[in-house]
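Numbering of ligands and ligand atoms starts at 1, following listing order. None of these values were measured; they are calculated from a predicted model.
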Amino acid sequence: MRIGIGYDIHPLVPGRPLILGGVEIPFEQGLDGHSDADVLTHAVIDAVLGAAGEGDIGHHFGVSDPRYEGVRSLDLLAESWRRLEAKGFRVGNVDATLVAEAPRLGPHLRGMTAELAQVLNMEAARINIKPTTAKGLGPLGSGEGIACLAVVLLIEAGDREA
Ligand code: MG
């Protein structure tokens, strides 16, 4: 078994869709970034890559690379996971904490979980996403951005055909 951690933060700006875990969430602001700025999926990618000892998201999908401009982050997770699955990894479980002062994320957790489970080829019941707030403290507390911390346990089953 191998454990990995991922952390990400993006600023909220007007005029962008808010995408978390591949789900578009109705809100007056969205996360800014080179890709769709899906902070949950970015943290999960880093946790998955970290567990596998494969560096980080920036190493595989450079921010200066025009191929990844506006890309759906869930597609980057799918690309990362295909490689790792071919190396014999499967996911034990995913646990993530999303820090967002607004909007309320509770109604969207099931959708995010389903999207991540499909891409990671795993049961949704092994993915846990916990929304919380920063209790008004600091830039996250004033709603300037959304942050995410994710932990992933990978199970190494040895080589197998891709
Ligand atoms: Mg990011």
Undergrad: Is any N, O or S atom of Asp38 under 2.8 Å away from the Mg ion (ligand 1)?
TA: no
Undergrad: Looking only at heavy atoms, which two atoms of Ala124 and Thr113 are closest? And how far apart?
TA: O-CG2, 3.4 Å
Undergrad: By atom name, which N, O or S atom belonging to His42 lies closest to the Mg ion (ligand 1)?
TA: ND1
Undergrad: Of all the N, O or S atoms in Asp8, which has the shortest distance to the Mg ion (ligand 1)?
TA: OD2
Undergrad: Check whether any side-chain heavy atom of Pro17 lies under 4.5 Å from a side-chain heavy atom of Phe27, and answer yes or no.
TA: no
Undergrad: Over all heavy atoms of both residues, which pair between Val44 and Val94 is shortest? Give the atoms and the distance, please.
TA: CG2-CG1, 4.3 Å
Undergrad: With the threshold set at 4.0 Å, does a side-chain nitrogen-carboxylate oxygen contact exist between Asp95 and Lys130?
TA: yes
